[in-house]
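We number each residue from 1, following the sequence as shown.
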Amino acid sequence: MNFTESAERRALRAAVADLAGKYGHEYFTAKARAGEKTDELWAEAGRLGYLGVAVPEEYGGGGGGIGDLAAVCEELAAAGCPLLLTVVSPAICATVIARFGTDAQKRRWLPGFADGTTKMAFAITEPDAGSNSHRLTTSIRRDGDEWVLGGGKYYISGVDEVGHVLVVARHVDATGNRLLPSLVIVPTDAPGFTYRHIPMEVVSPEKQFTCFFDDVRLPLDALVGTEDAGLAQLFAGLNPERIMAASFATGMARRALDQAADYARTRTVWDTPIGAHQGIAHPLAQCAIQVELARLMTQKAAALYDAGEDRAAGEAANMAKYAAGEAVAGAVDQAIQVHGGNGLSSEYGLGALLAASRLSRIAPVSREMILNFVAQHTLRLPRSY
């Protein structure tokens with residue numbers, strides 16, 4: 001066992017931190033509040049190869065693993081630029097296509113993921129299914145030389161800034177029976193595909209959308225993988241999502257703690273820096289411990305996934321996501337408390353992190369469903385739902 005990151009991973013972290021530092025929290029929030037996108041940062045990260053670190057080398061990527069991409073995601077967030085689509089496009093979509101796509105699909109899509117010129121959203125959540133992937137109603141059926149897609153999704157990130165969406169849909173046979181789920185690539189300009197913005201309180205350039213599929217016709221090569229792959233293929237993309245979401249959260253937590261510690265070192269009351277008081281120091285120290293524990297679990301999950309241990313990676317990825325969500329919520333809350341009234345001022349920017357950090361306990365899978373998973377699969381307790 002090795003708890004030390006490789007020299008290459010450490011160099012990657014440093015390089016990404018340098019890049020993100022050129023943009024920073026002020027750039028990110030200004031773009032978000034103006035309703036604009038962080039296209040400049042995304043494009044530069046793509047040109048430098050950071051978004052494609054996990055894409056196979058033969059398609060122009062770095063040939064690394066999900067742990068490398070998670071490091072990129074974490075360092076962007078730690079610098080104040082938490083790019084949500086890094087969790088979706090290069091992590092879920094590129095991973096699924098790299099593992100299950102045809103040779104033609106890999107040649108078409110992976111080079112764009114490698115250099116950041118391709119952005120793809122991912123659509124699984126439905127209003128009446130929630131976290132239950134077995135109850136998805138979006139359907140796909142064969143009609144001659146085409147697939148016909150029908151149904152809807154909601155809380156889908158970044159639909160307005162991508163060219164395609166990777167959609168999870170269940171096959172329907174000639175008698176109307178719903179079969180196993182599959183993944184199809186859907187152009188955002190396809191006839192019958194519409195989407196509507198969901199207003200959110202989160203300060204982010206990436207928006208959320210409800211998607212509608214009204215008999216959207218797709219070519220046969222829009223299907224990624226096989227018709228009978230079922231949930232195994234789906235979770236090959238969801239485990240990286242959980243790992244990336246954990247890194248997204250721990251990056252935000254690191255930023256909040258760094259800012260709080262700096263404030264506690266320099267803010268002086270009655271001739272003493274407030275960080276000298278245990279009422280300030282101990283809660284911050286506790287938060288720092290929780291963040292490091294979450295980071296460690298995230299690195300374990302990434303190592304298991306990159307080693308091909310999908311089942312063990314699933315357990316670890318869920319635990320990492322849970323730990324990171326709790327850690328970032330606690331860290332941001334404590335950072336605001338340390339700043340007092342300044343914690344909610346626009347000048348310090350912590351208020352903008354509040355909703356985003358709280359979201360980490362809900363998405364992409366809620367803390368309650370993770371607890372259900374651990375109770376059932378790790379502790380082998382009776383299923384409660």
Side-chain angles (χ1 to χ4, degrees), residues 51-70 72-73 84-114 116-125 133 136 138 140 147 149 153 156-159 162-171 180-188 211 218-245 247 301-302 304-311 313-314 317-318 321 364-365:
L51 300 178
V53 290
V55 174
E57 289 184 277
E58 62 187 296
Y59 299 102
I66 196 64
D68 298 308
L69 187 58
V72 172
C73 178
L84 181 58
L85 280 184
T86 60
V87 179
V88 178
S89 186
I92 303 174
C93 301
T95 297
V96 167
I97 292 173
R99 287 189 64 171
F100 300 106
T102 63
D103 289 340
Q105 287 172 334
K106 293 176 184 179
R107 289 193 301 270
R108 178 180 179 184
W109 297 110
L110 293 182
F113 285 119
T117 56
T118 291
K119 279 186 185 179
M120 188 178 290
F122 178 71
I124 180 173
T125 310
S133 56
L136 298 178
T138 298
I140 182 172
W147 298 111
L149 178 68
K153 304 285 183 179
I156 307 306
S157 304
V159 181
V162 303
H164 296 77
V165 181
L166 185 62
V167 178
V168 182
R170 296 182 72 96
H171 288 276
L180 294 171
S182 284
L183 297 141
V184 286
I185 299 173
V186 184
T188 54
C211 299
L218 303 165
L220 295 182
D221 63 1
L223 182 74
V224 178
T226 61
E227 296 181 41
D228 59 356
L231 293 177
Q233 181 172 287
L234 174 59
F235 277 95
L238 294 185
N239 285 337
E241 178 188 45
R242 284 151 173 66
I243 293 168
M244 293 289 288
S247 293
L304 287 168
Y305 185 85
D306 289 336
E309 300 286 344
D310 285 349
R311 182 175 293 274
N318 275 291
K321 163 63 181 60
V365 59

### Query
After noting the C-alpha distance and the side-chain angles of Cys211 and Val159, does the key distance pass the side-chain contact (heavy atoms from CB on, under 4.5 Å) rule?
CA-CA 9 Å; Cys211 299; Val159 181; 3.9 Å; yes
#### Entry: Audit row: Val186, Trp147, side-chain contact (heavy atoms from CB on, under 4.5 Å) steps and yes/no
CA-CA 11 Å; Val186 184; Trp147 298 111; over 6 Å; no
Interatomic spacing from [atom1] in [X] to [atom2] in [Y] - rounded to 0.5 Å:
X	Y	atom1	atom2	value
Ile243	Leu238	CD1	CG	11.0 Å
Thr102	Trp109	OG1	CH2	11.5 Å
Asp103	Gln105	CG	CD	9.5 Å
Leu234	Leu136	CG	CG	8.0 Å
Asn318	Asn239	CG	CG	7.0 Å

Min side-chain heavy-atom separation [X]-[Y] under 4.5 Å:
X	Y	value
Met244	Pro90	no
Val88	Val162	no
Leu218	Pro187	yes
Val87	Phe122	no
Ile140	Val184	yes

Which heavy atom in [X] sits nearest to a heavy atom in [Y], and how many Å separate them?
X	Y	result
Pro56	Leu110	CD-CD1, 4.4 Å
Gly158	Leu85	CA-CD2, 4.4 Å
Leu84	Ser157	CD2-OG, 3.5 Å
Thr118	Ser89	O-OG, 3.7 Å
Ile97	Ile185	CD1-CD1, 4.0 Å
Tyr305	Ile66	CD2-CG2, 3.8 Å

Side-chain donor/acceptor of [X] to backbone N/O of [Y], under 3.5 Å:
X	Y	result
Lys153	Thr125	no
Asp306	Gly67	yes
Gln233	Ser182	no
Asp68	Ala54	no
Glu241	Val365	no

### Task
Could you tell me which residues satisfy salt bridge (charged side-chain N to carboxylate O under 4.0 Å, His left out) with Lys119, sequence neighbours excluded, listed by chain and number?
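For Lys119 the salt bridge (charged side-chain N to carboxylate O under 4.0 Å, His left out) partners, ignoring immediate neighbours, are Asp39, Glu161.
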### Message
Suppose we screen for salt bridge (charged side-chain N to carboxylate O under 4.0 Å, His left out). Which residues come up paired with Arg108, at least two apart in sequence or across chains?
### Response
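So Arg108 forms no salt bridge (charged side-chain N to carboxylate O under 4.0 Å, His left out) with any residue.
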### Task
For the pair Val53 and Val72, evaluate side-chain contact (heavy atoms from CB on, under 4.5 Å) and give the outcome as yes or no after the intermediate values.
CA-CA 9 Å; Val53 290; Val72 172; 4.3 Å; yes
#### Entry: Verdict with supporting geometry, Thr86 and Leu69, side-chain contact (heavy atoms from CB on, under 4.5 Å)
CA-CA 8 Å; Thr86 60; Leu69 187 58; 5.6 Å; no
### Task
With sequence neighbours excluded, tell me which residues meet side chain to side chain donor-acceptor pair (under 3.5 Å) with Thr138.
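Once residues adjacent in sequence are excluded, the partners of Thr138 under the side chain to side chain donor-acceptor pair (under 3.5 Å) criterion are Glu126.
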### Query
For Arg311, does the CZ atom sit with more than 12 other heavy atoms under 6.0 Å from it, leaving out its own atoms?
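Open: at most 12 neighbouring heavy atoms sit under 6.0 Å from CZ of Arg311.
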